[in-house]
Participant: 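Sharing a structure with you now.
This structure is a prediction, so every number in the text was calculated from the model and none was measured.
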Amino acid sequence: MSYDIVVIGAGHAGTEAALACARMGQKTLLLTLDLDSVGLMPCNPAIGGTGKGHLVREIDALGGEMALAADDTLIQMRMLNTGKGPAVHSLRAQMDKRRYHERMIRALQTQENLTLAQGEVTQLPTKNGCISGVVTAEGTSYSCRAVVLAAGVYLKSRTLIGDDAWESGPAGLARSEGLSAVLTGLGLSLQRFKTGTPARVSRESLDLSQMQIQPGDDPMPAFSFLNGPRHMAQEPCYLTYTNAQTHRIILDNLHRSPLYSGKIHAAATRYCPSIEDKVVKFADKDRHQIFIEPEGLTTSEMYVQGMSTSLPADVQIAMLRTLPGLARCEILRLGYAIEYDCLDPTVLNAALMVKSVSGLFTAGQINGSSGYEEAAAQGLLAGINAARWARGEEPFLLSRSDAYLGVLVDDLVTRGTAEPYRMMTSRCEYRLLLRQDNADLRLTERARATGLICQARYDKLVQKQDSLNATLQKLDTHVAPTEALNTFLASLGEPAPKTGVRLFDLLKRPKVRYADLLRLFDRLEALAPEVEEQVNVLARYDGYIQKQREQVAREKALENEPLPEDIDYGRLSGLRLEARQKLNAIRPRSIGQASRISGVNPADVSVLLIHVKKGFSHAGTVV
């Protein structure tokens with residue numbers, strides 16, 4: 001059987017990749033180990049959060065599915081970090097995990113050009129250095145022009161609880177047995193990473209009155225730019241805390257944790273540590289926040305966020321029952337650790353294609369990342385580029401100044417990762433430019449080239465752009481001070497202007513909002529909430545935004561200095577040995593990317609710039 005593209009794995013990366021390929025007109029096969037695990041949320045059934053919410057908005061702006069599916073199936077939504085600046089505002093939704101799975105299955109099964117089937121891939125045949133197909137454990141062969149491998153945490157995965165270990169994927173699902181050997185056979189190096197999940201407890205066994213209620217926002221914002229704010233009934237989450245007794249039980253049983261007994265040797269997630277690690281590494285803290293979150297409307301399971309653990313069952317129940325509200329809790333599912341194989345992502349180029357195997361793309365946790373959102377974003381990009389590869393087109397690339405997705409991919413393929421990688425706002429040097437509220441303005445026009453942007457989405461973008469531009473033009477006018485304006489400013493403790501003042505400059509004042517100017521000046525018009533938000537942010541942070549734009553312009557000069565693909569860095573005089581080795585291994589596409597490689601210092605970059613000017617002719621390669 002023949003397909004244009006085969007996608008392996010139907011988690012968050014695989015579903016986005018398969019939908020993108022099919023929507024771009026490619027005959028696509030999506031193979032999964034288990035149809036019941038499509039779009040599975042084996043850890044917290046939540047989408048978004050700090051940094052991650054930016055990725056979800058970008059997925060939506062690029063024409064992906066996650067934001068739409070989340071809006072359809074969430075049970076609570078909150079905007080995080082509202083006490084801080086707009087650069088770190090991030091949406092987070094608690095999902096109904098069963099409805100999300102069903103929603104994603106429906107999207108896949110009704111998509112034209114897409115076939116969803118169950119099967120385990122055990123071979124990846126190649127021809128002349130290019131991927132040529134896949135073979136399943138049952139012996140079925142599928143020929144194709146490109147493969148997107150989105151195997152998640154299933155490669156030779158092992159689940160651990162206390163002294164017990166099972167060769168399985170998350171939630172007891174089957175693991176992938178043979179693909180690790182296939183990848184090493186292709187000359188790719190693998191790493192061993194570890195993640196984990198907390199216990200699930202029965203809602204009926206909890207005393208929720210002893211916890212702090214955490215309601216959702218009303219009106220409730222949306223992930224997708226196609227959807228607006230709405231009012232709906234939401235399920236609350238709850239906050240409780242660990243205490244000295246909790247910590248004593250954990251410390252007394254630390255030797256029974258696979259993390260500390262030596263049973264796990266894989267690299268753990270630093271930014272989502274187990275409760276054992278929290279108690280040991282933050283011994284100065286007398287308590288830790290624990291959120292009790294519902295897993296859906298049709299289940300009594302409650303997720304104990306903040307207590308990821310692989311301690312034995314008796315220790316898990318003992319420590320949980322020390323928390324306020326959980327004194328009589330009953331565990332429905334034990335927490336566990338899971339370790340698995342993944343790629344060293346520096347074997348990939350910026351299109352997420354394996355540099356040594358043309359047509360083989362990888363996405364998600366197989367690339368060393370962690371999290372549903374990171375996986376979905378990579379899946380969308382890998383799917384777009386697999387489709388473009390199959391059509392003989394240039395790749396669709398995003399830089400660090402374009403998107404959080406650009407930061408995510410550049411970090412992975414340029415720097416690699418020694419532990420599961422998580423997207424955080426602090427990783428992005430252009431945070432004020434790459435806000436979650438302007439993802440559509442940044443990306444949707446560019447994404448039209450992929451064919452994933454529907455007319456309704458594009459029309460909405462144009463309307464937003466036109467309204468924003470017209471408003472900024474009106475604000476770029478001067479007005480004379482009026483008694484009403486001076487009185488208003490005095491009420492805010494702001495000085496009155498002595499001469500004519502530009503409306504945009506008035507809006508830069510910390511306590512002034514567009515809604516205030518609207519009441520004072522007839523020339524202004526009421527705006528849609530999303531446009532008004534843009535106006536307020538652009539004015540408030542105007543100076544900082546301009547500085548970041550100047551910084552981007554300077555950095556692009558380096559990004560626009562290409563490096564030859566076939567240069568032998570070992571022959572370039574002036575480079576240190578470590579720099580030569582790293583440059584030969586990663587093969588940066590530009591001076592800018594080379595400057596971000598660990599082990600390449602500013603002196604090495606200066607040497608490269610000299611060689612660029614000379615054309616590399618003395619090193620055997622001419623640009």
Side-chain angles (χ1 to χ4, degrees), residues 40-46 75-76 78 92-98 159-164 166 170-172 195-216 234-260 272-280 282 285-338:
L40 179 67
M41 295 181 174
C43 198
N44 193 357
I75 57 178
Q76 190 199 82
R78 299 180 71 187
R92 181 187 185 275
Q94 192 68 20
M95 309 304 303
D96 186 313
K97 65 178 182 180
R98 292 179 183 173
T159 301
L160 301 100
I161 302 174
D163 292 328
D164 298 318
W166 301 268
T195 187
T197 188
R200 274 66 159 183
V201 296
S202 169
R203 175 191 287 267
E204 286 73 24
S205 67
L206 306 180
D207 183 355
L208 300 175
S209 66
Q210 292 191 39
M211 308 178 202
Q212 300 174 29
I213 192 167
Q214 304 285 301
Q234 300 183 61
E235 286 292 309
C237 298
Y238 300 88
L239 173 63
T240 187
Y241 294 89
T242 63
N243 52 56
Q245 186 182 3
T246 318
H247 299 178
R248 176 49 49 201
I249 290 172
I250 293 168
L251 292 172
D252 286 348
N253 291 277
L254 208 56
H255 62 287
R256 301 177 66 191
S257 167
L259 288 172
Y260 287 87
C272 188
S274 68
I275 191 63
E276 297 100 292
D277 270 348
K278 287 182 184 179
V279 171
V280 171
F282 304 100
K285 294 188 177 295
D286 56 8
R287 67 176 190 172
H288 295 281
Q289 285 187 332
I290 304 296
F291 291 92
I292 308 299
E293 301 174 328
E295 294 217 334
L297 300 177
T298 60
T299 177
S300 64
E301 288 182 80
M302 302 288 278
Y303 183 90
V304 187
Q305 187 198 150
M307 289 196 79
S308 176
T309 185
S310 55
L311 283 162
D314 61 306
V315 182
Q316 290 194 37
I317 190 65
M319 69 179 183
L320 283 169
R321 288 183 173 177
T322 64
L323 307 184
L326 280 80
R328 295 180 176 82
C329 75
E330 297 294 337
I331 293 181
L332 299 179
R333 302 180 198 243
L334 289 167
Y336 60 85
I338 184 168

Participant: In Å, rounded to the nearest 0.5 Å, how long is the span from CG of Asp96 to CD1 of Ile75?
Facilitator: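 These two atoms lie 6.0 Å from each other.
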
Participant: Side chains of Gln212 and Tyr241: closer than 4.5 Å at any heavy-atom pair?
Facilitator: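 Answer yes - side chains close enough.
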
Participant: Please tell me if the side chains of Ile250 and Val315 come closer than 4.5 Å, counting only heavy atoms from C-beta onward.
Facilitator: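 The answer is no; the side chains never approach within 4.5 Å.
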
Participant: Please examine the side chains of Glu235 and Leu297, heavy atoms only from C-beta on, and report whether any two atoms are closer than 4.5 Å.
Facilitator: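 In contact.
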
Participant: Using only atom types and a distance under 3.5 Å, with no angle test, would you say the side chain of Arg98 pairs donor to acceptor with the backbone of Thr298?
Facilitator: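 Yes: the side chain of Arg98 pairs with the backbone of Thr298.
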
Participant: Of all residues at least two apart in sequence or in a different chain, which pass the side-chain contact (heavy atoms from CB on, under 4.5 Å) check with Ser308?
Facilitator: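 Ser308 satisfies side-chain contact (heavy atoms from CB on, under 4.5 Å) with Pro198 only.
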
Participant: State, with a plain yes or no, whether a side-chain heavy atom of Gln316 is found less than 4.5 Å away from one of Ile161.
Facilitator: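 The answer is yes, as the side chains (C-beta and beyond) meet within the 4.5 Å cut-off.
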
Participant: Starting at CD1 of Ile275, measure out to OG1 of Thr246 and round the result to the nearest 0.5 Å.
Facilitator: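 Atom-to-atom, Ile275:CD1 and Thr246:OG1 are 8.0 Å apart.
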
Participant: Kindly compute the distance separating CG (Leu326) from CD1 (Ile317), expressed to the nearest 0.5 Å.
Facilitator: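 If I round to the nearest 0.5 Å, the distance is 8.5 Å.
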
Participant: Under the salt bridge (Lys or Arg N to Asp or Glu O under 4.0 Å) rule, collect the residues that match up with Arg287, sequence neighbours excluded.
Facilitator: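 Result, salt bridge (Lys or Arg N to Asp or Glu O under 4.0 Å) vs Arg287: none returned.
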
Participant: Taking salt bridge (Lys or Arg N to Asp or Glu O under 4.0 Å) as the test, write out the residues that go with Glu295, two or more places apart.
Facilitator: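 Partners of Glu295 under the salt bridge (Lys or Arg N to Asp or Glu O under 4.0 Å) test: Lys97, Arg200.
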
Participant: Between Thr322 and Asn243, which heavy-atom pair has the shortest distance, and what is it?
Facilitator: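 In terms of heavy atoms, the two residues are closest at O-ND2, 2.8 Å.
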
Participant: Could you check whether the rings of His247 and His288 sit parallel, tilted or perpendicular, using 30° and 60° as the cut-offs?
Facilitator: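 The arrangement is tilted - the two ring planes meet at 30° to 60°.
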
Participant: Just verifying a value: how many Å separate Ile292 CD1 and Ile213 CD1, rounded to the nearest 0.5 Å?
Facilitator: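 The CD1 atom of Ile292 sits 13.5 Å away from the CD1 atom of Ile213.
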
Participant: Would you tell me whether Gln76 and Arg92 have side-chain atoms, one donor and one acceptor, within less than 3.5 Å of each other?
Facilitator: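 No pair is found: no donor N or O on one side chain lies under 3.5 Å from an acceptor on the other.
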
Participant: Under 3.5 Å, is there a donor-acceptor pair between the Glu276 and Thr309 side chains?
Facilitator: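 Checked: Glu276/Thr309 side chains pair up, N/O donor to acceptor below 3.5 Å.
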
Participant: For Ser205 versus Ser202, what's the shortest heavy-atom pair and its separation?
Facilitator: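 Closest approach of Ser205 to Ser202: OG-O, 2.7 Å.
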
Participant: State the CG-CG distance between Leu311 and Leu160, to the nearest 0.5 angstrom.
Facilitator: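 Answer for the CG-CG pair, Leu311 versus Leu160, is 12.0 Å.
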
Participant: Going from CE on Met95 to CG on Asn44, what distance comes out if it is rounded to the nearest 0.5 angstrom?
Facilitator: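 Reported value, rounded in 0.5 Å steps: 11.0 Å.
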
Participant: Partners of Pro42 by side-chain contact (heavy atoms from CB on, under 4.5 Å), sequence neighbours excluded?
Facilitator: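 With neighbours one apart ignored, the set is Leu40, Pro170, Tyr336, Tyr372.
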
Participant: Given 3.5 Å as the limit, does a donor-acceptor pair link the side chain of Thr240 with the main chain of Leu323, or not?
Facilitator: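 Between the backbone of Leu323 and the side chain of Thr240 there is no qualifying donor-acceptor contact (under 3.5 Å).
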
Participant: Can you list, pair by pair, the side-chain donor-acceptor contacts under 3.5 Å of residues 328-335, counting residues two or more places apart and other chains?
Facilitator:
from: Glu330; atom 1: OE2; to: Arg321; atom 2: NH2; distance (Å): 3.2
from: Arg333; atom 1: NE; to: Glu301; atom 2: OE1; distance (Å): 2.5
from: Arg333; atom 1: NH2; to: Glu301; atom 2: OE2; distance (Å): 3.2

Participant: For Gln305 and Glu293, does a side-chain donor sit closer than 3.5 Å to a side-chain acceptor?
Facilitator: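 Their side chains do contain a donor-acceptor pair, which is all the 3.5 Å distance test asks for.
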
Participant: Could you tell me whether the side chains of Tyr260 and Asp277 share a donor-acceptor contact shorter than 3.5 Å?
Facilitator: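 Side chains of Tyr260 and Asp277: pair found under 3.5 Å.
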
Participant: Which residue pairs satisfy the salt bridge (Lys or Arg N to Asp or Glu O under 4.0 Å) criterion with at least one member in residues 241-251, sequence neighbours excluded?
Facilitator: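 Pairs touching residues 241-251 that pass the test: Arg248-Asp252.
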
Participant: Are Gln94 and Pro45 packed together at the side-chain level, in the sense that at least one heavy-atom pair is separated by less than 4.5 angstrom?
Facilitator: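 Side-chain contact under 4.5 Å: yes.
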
Participant: Go through the steps for Val304 and Leu320 under the test side-chain contact (heavy atoms from CB on, under 4.5 Å), then give the verdict.
Facilitator: CA-CA 9 Å; Val304 187; Leu320 283 169; 3.9 Å; yes

Participant: With a 4.5 Å heavy-atom cut-off, do Tyr238 and Gln214 have their side chains touching?
Facilitator: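 No, too far: nothing below the 4.5 Å cut-off.
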
Participant: Of the non-hydrogen atoms in Arg203 and Pro294, which two are nearest, and what is the gap between them?
Facilitator: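 So the two residues come closest at NH2-CB, 3.6 Å.
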
Participant: Are side-chain heavy atoms of Ser310 and Ser274 found at a separation under 4.5 Å?
Facilitator: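 A side-chain contact under 4.5 Å is absent here.
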
